[in-house]
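Note that these values count all heavy atoms, side chains included, but never hydrogens, waters or copies made by symmetry. A, B, ... follow the sequence lines: proteins, then strands. Residue 1 opens every chain.
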Number of protein chains: 6
Amino acid sequence: MDRLDGRKNHQLRPVTITRGINKHADGSVLIEVGDTKVICTATVEERQPMWCKLEGKGWVTAEYSMLPRSTGSRTLRDGTRGKPNSRNLEIQRLIGRSLRAVTDLEALGERTITLDCDVIQADGGTRTASITGAFIALVEAAQWLVERGLIGKTPVSDFVAATSVGKTGDRVILDLCYEEDSTAQVDMNIVMTGSGRFVEIQGSGEESSFSREEADRMLDLAQKGIMQLVNYQKQVLGPLAGSIGGGG
Amino acid sequence: MDRLDGRKNHQLRPVTITRGINKHADGSVLIEVGDTKVICTATVEERQPMWCKLEGKGWVTAEYSMLPRSTGSRTLRDGTRGKPNSRNLEIQRLIGRSLRAVTDLEALGERTITLDCDVIQADGGTRTASITGAFIALVEAAQWLVERGLIGKTPVSDFVAATSVGKTGDRVILDLCYEEDSTAQVDMNIVMTGSGRFVEIQGSGEESSFSREEADRMLDLAQKGIMQLVNYQKQVLGPLAGSIGGGG
Amino acid sequence: MDRLDGRKNHQLRPVTITRGINKHADGSVLIEVGDTKVICTATVEERQPMWCKLEGKGWVTAEYSMLPRSTGSRTLRDGTRGKPNSRNLEIQRLIGRSLRAVTDLEALGERTITLDCDVIQADGGTRTASITGAFIALVEAAQWLVERGLIGKTPVSDFVAATSVGKTGDRVILDLCYEEDSTAQVDMNIVMTGSGRFVEIQGSGEESSFSREEADRMLDLAQKGIMQLVNYQKQVLGPLAGSIGGGG
Amino acid sequence: MDRLDGRKNHQLRPVTITRGINKHADGSVLIEVGDTKVICTATVEERQPMWCKLEGKGWVTAEYSMLPRSTGSRTLRDGTRGKPNSRNLEIQRLIGRSLRAVTDLEALGERTITLDCDVIQADGGTRTASITGAFIALVEAAQWLVERGLIGKTPVSDFVAATSVGKTGDRVILDLCYEEDSTAQVDMNIVMTGSGRFVEIQGSGEESSFSREEADRMLDLAQKGIMQLVNYQKQVLGPLAGSIGGGG
Amino acid sequence: MDRLDGRKNHQLRPVTITRGINKHADGSVLIEVGDTKVICTATVEERQPMWCKLEGKGWVTAEYSMLPRSTGSRTLRDGTRGKPNSRNLEIQRLIGRSLRAVTDLEALGERTITLDCDVIQADGGTRTASITGAFIALVEAAQWLVERGLIGKTPVSDFVAATSVGKTGDRVILDLCYEEDSTAQVDMNIVMTGSGRFVEIQGSGEESSFSREEADRMLDLAQKGIMQLVNYQKQVLGPLAGSIGGGG
Amino acid sequence: MDRLDGRKNHQLRPVTITRGINKHADGSVLIEVGDTKVICTATVEERQPMWCKLEGKGWVTAEYSMLPRSTGSRTLRDGTRGKPNSRNLEIQRLIGRSLRAVTDLEALGERTITLDCDVIQADGGTRTASITGAFIALVEAAQWLVERGLIGKTPVSDFVAATSVGKTGDRVILDLCYEEDSTAQVDMNIVMTGSGRFVEIQGSGEESSFSREEADRMLDLAQKGIMQLVNYQKQVLGPLAGSIGGGG
């Protein structure tokens with residue numbers, strides 16, 4: 001039985017990453033995963049948090065937000081609500097950790113790269129699309145530093161990409177759209193490096209639970225999907241891909 | 001002497017309005033005015049502010065925000081700063097007033113249309129681009145109501161568009177880009193209807209002042225520019241343009 | 001036909017400015033325009049915003065607020081609401097810009113003058129009364145600096161005053177009281193210098209619009225009113241008036 | 001030895017209460033105690049807190065704030081700081097409790113009277129001046145209700161007034177001005193009814209302490225001062241004074 | 001090689017759960033896991049969120065906070081910082097999801113049970129200790145409802161407990177104390193039901209990554225630890241344990 | 001007639017102070033006064049407020065908060081409400097003043113001691129229990145400084161403890177529990193030093209008042225109770241008690 005949009009269980013949605021979409025940013029992409037669209041921009045600043053300063057290293061951080069009408073019904077802006085959105089904060093911590101896992105913070109030097117991930121249109125998987133897209137903006141920002149002679153070579157040591165897997169009834173499916181996500185018993189977001197290692201496993205059975213065997217099937221499926229995303233990232237980066245991991 | 005980007009004093013920047021860019025919204029456009037890019041979405045909700053409820057009429061309101069890296073250097077998000085941005089609030093009040101000036105709130109019925117204007121990339125004139133673009137999204141949302149039989153005909157009674165004029169040295173120039181705006185002695189934002197009447201005149205001489213004769217020249221120039229924008233709006237709306245003002 | 005309070009269309013309300021009403025402040029007045037009463041105090045501080053520091057100049061800024069029961073029904077305090085009042089912020093930006101237009105910020109030196117405008121009783125025109133009154137407090141604060149030898153002569157280069165004009169039916173009227181303001185189709189706040197140049201034109205047709213000819217009539221009327229206010233300011237300042245513009 | 005301003009230890013500063021200073025409020029006074037000046041306005045609203053609603057009674061509450069330049073150096077506004085001022089909150093709770101001690105909340109009926117106390121100029125004793133002045137505004141608001149036939153007679157059952165006493169060296173002094181207050185070892189604020197009973201005793205030895213004998217002397221002195229204030233309140237209220245306590 | 005505190009890799013710290021430690025709450029425990037101490041209280045309220053109301057079911061939610069000096073150096077309170085702590089919000093969402101996974105929200109009826117988890121002293125694993133402890137308080141609150149005849153039997157359908165596992169060098173270790181946690185390359189928090197199914201897997205390699213084989217070893221180890229915790233929960237609950245899952 | 005819990009009018013509730021309850025803090029106790037339980041921890045930090053820095057002295061301050069379910073019905077957390085709790089702020093100012101009254105801030109040196117008082121369970125008298133308990137934690141923190149050779153001897157110059165007294169009908173009672181407190185006409189919190197001098201008298205007749213003779217009886221009763229508390233503090237401190245006031 002096929003899925004809502006005709007995909008097979010193990011099939012990703014179409015992915016497009018468009019580079020260079022913002023003339024001010026030090027790196028920028030629009031990533032589209034099915035109907036999910038996220039703008040990711042990178043900003044380099046010659047400052048870093050206090051705890052990094054003490055250790056003489058840099059920092060990579062992220063912010064995540066959704067435009068009010070990126071969703072089916074309009075959501076309030078953080079500034080209007082007068083307090084930060086806890087879901088957004090949780091997601092931006094995830095994005096930041098994922099990117100730092102493939103960045104040599106000492107090699108980055110005493111500066112901060114901030115990745116802003118703003119969801120223009122949401123249809124499930126906005127946090128994983130943000131990671132996959134923000135990685136490209138991060139590589140561009142690192143290249144920006146190299147080109148200006150501020151660092152000798154890119155501090156990005158590996159690729160990183162992310163997708164979701166879920167369990168709905170007996171089926172384990174890859175890259176859930178919004179409608180699948182809201183009916184799945186289990187939703188798992190997986191972040192992996194280009195060399196096939198896990199950076200994050202965030203599996204959660206809201207009002208449900210899952211067996212070890214189901215966990216294993218979901219991890220297997222996620223890995224296959226992420227390897228496809230990494231291949232697409234390489235294609236999008238072109239010659240720049242060669243620099244990752246100290247090459248170039 | 002030509003301007004920075006080769007334009008004549010009385011010349012608008014290239015304008016493009018792309019409709020239907022958000023699958024969730026009840027109206028949506030991407031407006032590009034030179035390098036300024038704003039996403040405008042319209043949301044219809046079956047609620048209205050208390051003061052409208054008492055008078056049995058509807059409401060049209062706007063929210064305005066800039067993505068952190070829409071600007072040359074990164075700006076903090078409202079949610080991060082923990083308090084609303086007073087510039088944003090001032091601008092969204094302007095957008096809301098401008099759109100209400102061409103909307104019959106009684107004919108709209110007991111509902112609210114919210115126009116979200118999110119600046120993706122800024123290069124001067126973001127508030128006036130927001131008005132020009134949000135007008136199209138408003139017309140679409142009104143049509144959405146007509147198509148569902150919720151109102152008999154569009155409550156939008158006229159076109160509305162906006163641009164800036166400024167004074168730099170002895171020259172009076174139209175549609176200032178960011179660099180012109182930051183060096184101009186006087187900056188004036190003008191909102192006019194399709195029938196050539198003023199909705200707003202916001203002229204301000206930051207650390208400067210201007211004569212009556214200069215004010216007159218700026219108002220003249222703005223009117224010419226806005227009439228061109230209204231013509232472009234008509235072209236963008238196509239058959240829908242005929243409905244404005246009770247037609248269709 | 002006369003107006004609600006018997007005034008002619010072109011007539012200002014009675015204006016009184018009482019100086020020296022606060023023993024702590026470096027300049028202070030109570031301005032009364034009809035039943036509108038605003039306390040304006042000036043504070044000199046030996047600090048300035050970062051962007052002024054870099055340019056070696058000073059800053060003039062304003063804050064505006066209304067006492068809870070200055071209005072017909074009680075309004076909540078900003079501190080109680082937990083967020084700033086966007087109308088107040090918009091007004092204080094206007095007051096600050098107006099005063100800076102007649103102040104030589106380099107001559108002021110590396111310091112800030114803050115004008116606090118607190119509305120004790122409101123009956124329309126509180127923002128324009130604040131500008132007209134705060135100007136006097138600013139001149140006093142400048143004199144305070146001169147008397148202490150901190151600057152050689154006043155950095156205030158011209159007078160500045162403000163009033164409102166409006167359109168109600170076919171009539172164009174000057175200096176609207178609250179009841180006139182709430183029924184007018186167009187409300188315009190005008191700030192001008194003593195030499196008859198515009199500093200701000202803020203005209204707005206809430207749910208309405210106005211023709212160029214109407215705009216012209218309103219600007220004419222405002223200019224006449226403001227020149228009377230400037231004359232009264234000169235009288236209030238007495239000998240101190242001579243110092244404005246580098247004299248004295 | 002006389003005090004800074006020539007007063008004897010047991011002497012109050014000159015007190016003036018001016019009634020009817022706000023055309024919108026349901027009761028209003030300007031109280032001046034030496035150089036301390038507070039505007040007190042009363043607002044009647046036909047609503048009350050939930051806990052009063054359940055008991056079918058009304059509520060009397062107060063808000064207290066200082067204008068930024070009421071003090072020697074300028075203080076930030078609550079709205080600017082983004083959080084309430086804890087000193088202000090403590091004081092307004094004191095004012096509210098003091099007024100409720102002489103108000104029959106059941107006789108008031110299901111409504112709220114809010115007393116806004118805004119300090120225009122501060123020179124010590126702003127909280128006690130607020131109580132003494134707000135009492136007059138409260139009586140006026142009660143009379144406003146009686147005149148409209150909303151209640152049969154005033155719910156105000158007694159007079160209430162307040163002053164400070166302090167200990168400086170061996171001397172016990174009445175009604176401290178700012179300079180005395182900031183050097184006193186003990187500062188005590190006392191609220192009493194017209195019939196000579198205590199409503200509040202707030203005695204505090206910041207970085208100091210005081211003996212029982214000193215406490216007794218301070219209480220004696222406060223009582224004498226407050227009885228003089230109550231006599232002045234009676235004079236200010238004129239015929240209205242007769243209504244207090246169910247008379248009239 | 002043994003661990004810092006002499007434990008084996010697969011060994012839990014000593015766990016103690018003390019019931020009935022708060023006379024007001026509808027369920028309460030103090031859970032101690034090594035030097036980590038958390039007070040968990042349950043509160044039943046006859047209200048629920050809007051989205052539950054529409055579906056006629058109840059809600060179980062959690063709040064998590066640390067006393068300022070529960071940590072090695074003092075941390076600011078949320079109220080002092082003026083904004084919520086994003087780490088706390090992330091943790092309380094985890095606790096809530098974990099408890100809802102073993103609660104039949106329809107059987108709970110239209111009410112909310114709130115679990116407050118306040119960390120008195122922290123030494124690693126505060127979020128997992130909170131889940132293990134809060135479960136007991138939840139069972140007590142459910143029993144409180146049963147005893148009052150508000151529901152027929154407990155809506156708690158299974159046990160739930162949690163612990164952490166981590167990777168440090170080549171070793172995979174169970175139940176990390178603070179010092180182990182801060183040096184581990186991978187930190188994984190696992191929540192499981194009494195029947196051995198996963199509710200949450202939260203594995204994160206901060207500035208690091210892990211292989212599939214390492215993930216498998218960590219999941220195995222966590223499962224063994226959690227089963228021991230569930231056994232202890234049964235012992236702590238005594239006869240009440242029989243009610244879980246519809247028994248009793 | 002005996003009281004609710006069988007006590008005589010002049011009788012304190014059972015008091016227990018347990019020292020050393022937090023392994024991270026520089027001083028810590030759990031104080032239990034009847035069913036009221038408060039955790040008090042002391043933190044020494046090598047920083048102090050700006051105004052102390054200028055005078056070369058240190059600072060002692062306090063924070064006070066209640067766990068959400070320390071009370072009969074659950075109360076919202078400060079962080080959830082988004083604004084500080086004014087009652088908490090008033091109480092923590094009282095605790096801070098009380099402790100500073102018996103601390104030589106110059107002898108403390110340029111550092112801050114913060115006393116966190118967190119109410120675990122409330123049954124009246126939480127603020128006075130906080131003072132009595134925080135004093136012990138303060139003494140421990142001072143000893144911690146002495147032991148590390150950072151100061152030569154304790155800067156604590158005297159004991160300080162607190163209790164409440166109240167008036168209910170004709171009776172004057174000591175150390176009110178919650179139920180007594182909520183029905184008393186007058187509630188007075190008294191803080192005294194070990195040498196029998198007052199630090200604070202906070203007497204308040206909510207919707208009531210009290211005579212001088214009643215005030216005297218309440219002060220007498222409080223003094224007797226506080227002297228018993230000081231004796232218990234001495235016993236709890238053991239040998240450390242000898243250091244207070246410069247001894248030891």
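When heavy atoms are compared at a cutoff of 4.5 Å, F:Asn88 does not approach chain D at all. Residue contact with chain D, scored on non-hydrogen atoms closer than 4.5 Å, involves the backbone and the side chain of F:Asp216 alike. With a threshold of 4.5 angstrom between heavy atoms, F:Ser208 approaches chain D through N, CA, C or O but not through any side-chain atom. Of the atoms belonging to F:Leu99, not a single heavy atom falls under 4.5 Å from chain D. Contacts of F:Met188 with chain D are made by side-chain atoms alone, with heavy-atom separations under 4.5 Å and no backbone atom involved. For chain D, the nearby part of F:Arg93 is the side chain; its heavy atoms alone come within less than 4.5 Å.
Counting heavy-atom pairs closer than 4.5 Å to chain F, the top-ranked of the candidates D:Ala101, D:Ser209, D:Ser211 is D:Ser209. Between chain F and the residues D:Gly196, D:Gly96, D:Ser204, the largest count of heavy-atom pairs under 4.5 Å involves D:Ser204. For the options D:Asp158, D:Val160, D:Asn189, D:Val199, heavy-atom pairs under 4.5 Å to chain F are most numerous at D:Val199.
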Problem set entry | Pair D:Ile201-D:Phe198, side-chain contact (heavy atoms from CB on, under 4.5 Å): steps then yes or no | CA-CA 7 Å; D:Ile201 301 175; D:Phe198 292 104; 3.8 Å; yes
Exercise. Step by step, would you call F:Ile91 with F:Ile95 a side-chain contact (heavy atoms from CB on, under 4.5 Å)?
Worked result: CA-CA 6 Å; F:Ile91 291 174; F:Ile95 301 170; 3.9 Å; yes
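Between D:Arg212 and F:Asp220 there is a salt bridge, since a side-chain N of the basic residue sits under 4.0 Å from a carboxylate O of the acidic one. A salt bridge links F:Arg97 with F:Glu200; the closest basic N to acidic carboxylate O contact falls under 4.0 Å. Using a 4.0 Å cut-off between charged side-chain N and carboxylate O, D:Glu106 and D:Lys57 make no salt bridge.
A cation-pi contact, defined as under 6.0 Å to the ring centre and within 45° of the axis, is absent between F:Arg111 and F:Trp59.
Of the possible polar contacts, none joining the F:Thr71 side chain to the F:Arg74 backbone as a donor-acceptor pair under 3.5 Å is found.
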